[in-house]
Trainee: 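One structure, as structure tokens, below. Some questions next.
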Amino acid sequence: MLNIANVSKRYGKTLANDGVSFAVEGGETAVLLGPNGAGKSTLIKCIAGLLRFEGKIDICGHENKSLEAKRALGYIPEMPAVYDLLTVSEHLEFMRRAYRMEDDGYGEALLRRFEMWDKRDKLGKELSKGMQQKLSICCQMVHRPRVIVFDEPLVGLDPHAIKELKEMFGELRAQGAALLISTHMIDSVEDNWDVAYIMMRGRLAAVKRPNDEGERSLEELFFSITEGGEAEQ
């Protein structure tokens, strides 16, 4: 459902992504790991259509900047961006109108799940960073995307929201969605992943699946690459 083929991105002379290729299938949770500066957020922004890049990215069989791809994609950035003068409820109404959706009650269910229903009349500028992050999640989930990309999704969330979001990861996977979770904190993904891609200096340094036999743990592999300079494929 998400296919990334030979994606490269330069910032001047700096090569942030260097020929990155991988895929995330429906019903699969992929984690994108790497230290700060490894190129994860740049790749995520390329997927979301926020940056120009070389290579190809398809979402549900459509070029990532196409309308069809955008309808299928949910993107939760590391830094939430909310509208200062819209209330919480108006944010969800705005998203429903953008996707030409009727109000089926799912937005309210999301707000209640993330303990935001009592904040529904608060303006975006009145929310704490943690509440803005929860609102960002609700806004990107309200149109029921089939491919969801999370960039450091647990940063700034309270314990209840972390629990609910982790449960949602499992529910989305069971529903056949494709999830890509970018993080530099290994313990945040626990065992809720099907494949892990480790990035280092803009390239994929290793690929690991939970059932790989006779291999090191994800944590051991991660630190051997990020601290020991090892690279595997």
Side-chain angles (χ1 to χ4, degrees), residues 1-10 16-17 19-32 39-83 86 89-111 113 133-153 165 168-183 193-195 197 199 204:
M1 297 178 79
L2 172 62
N3 289 286
I4 299 163
N6 199 30
V7 168
S8 296
K9 172 63 183 177
R10 288 185 178 273
N17 290 153
V20 178
S21 297
F22 63 86
V24 185
E25 303 299 333
E28 186 174 64
T29 297
V31 290
L32 187 63
K40 304 184 307 298
S41 289
T42 293
L43 182 62
I44 294 297
K45 290 175 182 176
C46 289
I47 294 169
L50 301 177
L51 295 174
R52 295 180 179 178
F53 60 89
E54 297 176 2
K56 186 177 182 181
I57 299 175
D58 287 341
I59 297 171
C60 294
H62 304 283
E63 189 271 330
N64 74 312
K65 291 188 178 181
S66 68
L67 183 59
E68 294 85 357
K70 292 182 182 297
R71 288 187 181 279
L73 178 69
Y75 164 55
I76 294 85
E78 179 179 4
M79 296 297 294
V82 303
Y83 297 101
L86 290 184
S89 291
E90 288 170 344
H91 274 82
L92 294 188
E93 178 65 18
F94 176 82
M95 295 302 294
R96 282 192 294 268
R97 292 191 181 192
Y99 287 95
R100 294 181 172 85
M101 295 179 59
E102 296 294 330
D103 185 358
D104 60 358
Y106 187 48
E108 178 179 339
L110 287 168
L111 291 179
R113 181 168 190 171
Q133 180 71 350
K134 292 194 287 186
L135 177 57
S136 178
I137 293 169
C138 293
C139 284
Q140 288 301 311
M141 297 307 301
V142 74
H143 70 286
R144 304 178 191 272
R146 302 301 299 156
V147 175
I148 308 102
V149 178
F150 298 88
D151 192 358
E152 302 289 356
L165 185 57
M168 183 176 282
F169 289 158
E171 293 166 8
L172 291 167
R173 178 169 60 176
Q175 294 165 9
L179 279 70
L180 177 63
I181 304 170
S182 173
T183 184
W193 52 278
D194 299 294
V195 59
Y197 298 102
M199 288 191 69
L204 280 187

Trainee: Could you please spell out the steps behind the side chain to side chain donor-acceptor pair (under 3.5 Å) verdict for Asn17 and Thr42?
Mentor: CA-CA 7 Å; Asn17 290 153; Thr42 293; 5.2 Å; no
Trainee: Take Ile47 and Asn64 through the side-chain contact (heavy atoms from CB on, under 4.5 Å) test and state the conclusion after the steps.
Mentor: CA-CA 7 Å; Ile47 294 169; Asn64 74 312; 5.5 Å; no
Trainee: Would the distance check show the side chain of His143 and the main-chain N or O of Ala72 forming a donor-acceptor pair, the cut-off being under 3.5 Å?
Mentor: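 Pair absent, no side-chain N/O of His143 close to backbone of Ala72.
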Trainee: Does any N or O in the side chain of Gln133 come within less than 3.5 Å of the main-chain N or O of Pro153, such that one atom is a donor and the other an acceptor?
Mentor: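 Side chain of Gln133 to backbone of Pro153: a pair is present.
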Trainee: Within a radius of less than 6.0 Å around OH of Tyr83, do more than 12 heavy atoms belonging to other residues, nucleotides or ligands occur?
Mentor: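 No, the 6.0 Å shell around OH holds no more than 12 heavy atoms from other groups.
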Trainee: Counting distance only, does the side-chain N/O of Tyr197 pair as donor-acceptor with the main-chain N or O of Ala23 below 3.5 Å?
Mentor: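 It does hold such a pair.
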Trainee: Check the pair Tyr75 / Ile44 against side-chain contact (heavy atoms from CB on, under 4.5 Å), numbers first and verdict last.
Mentor: CA-CA 9 Å; Tyr75 164 55; Ile44 294 297; 3.3 Å; yes
Trainee: To check you understand the geometry: which heavy-atom pair defines the closest contact between Glu25 and Met1, and what is its length?
Mentor: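 Looks like OE1-N, 3.8 Å.
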Trainee: Determine whether a donor-acceptor pair (N or O, by modelled atom type, separation under 3.5 Å) exists between the side chain of Lys56 and the backbone of Asn6.
Mentor: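 No, because the side chain of Lys56 does not come within donor-acceptor range (under 3.5 Å) of the backbone of Asn6.
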Trainee: Yes or no on side-chain contact (heavy atoms from CB on, under 4.5 Å) for Phe22 and Leu180, after CA distance, side-chain angles and deciding distance?
Mentor: CA-CA 11 Å; Phe22 63 86; Leu180 177 63; 4.1 Å; yes
Trainee: Less than 3.5 Å apart, which donor and acceptor atoms pair up between the side chains of residues 168-175 and the rest of the protein, not counting sequence neighbours?
Mentor:
unit_1 : atom_1 : unit_2 : atom_2 : d
Glu171 : OE1    : Arg113 : NH1    : 2.9
Glu171 : OE1    : Arg113 : NH2    : 3.4
Glu171 : OE2    : Arg113 : NH2    : 3.0
Arg173 : NH1    : Asp194 : OD1    : 3.2
Arg173 : NH1    : Asp194 : OD2    : 3.2

Trainee: Check the surroundings of atom NZ in Lys45: do more than 12 heavy atoms from other residues, nucleotides or ligands lie under 6.0 Å from it?
Mentor: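 No.
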Trainee: Are there over 12 heavy-atom neighbours, none belonging to Glu54, within less than 6.0 Å of that residue's CD?
Mentor: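 Count not over threshold, so no.
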Trainee: I want to check something: taking the side chain as every heavy atom from C-beta on, are Leu73 and Pro145 in contact at a cut-off of under 4.5 Å?
Mentor: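 Not touching, per the 4.5 Å side-chain cut-off.
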Trainee: Surrounding NZ of Lys65 (heavy atoms of other residues, nucleotides or ligands, distance under 6.0 Å), is the total greater than 12?
Mentor: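 Atom NZ in Lys65 is crowded, with more than 12 foreign heavy atoms closer than 6.0 Å.
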Trainee: Give the intermediate values and the outcome of side-chain contact (heavy atoms from CB on, under 4.5 Å) for residues Gln140 and Met95.
Mentor: CA-CA 8 Å; Gln140 288 301 311; Met95 295 302 294; 3.7 Å; yes
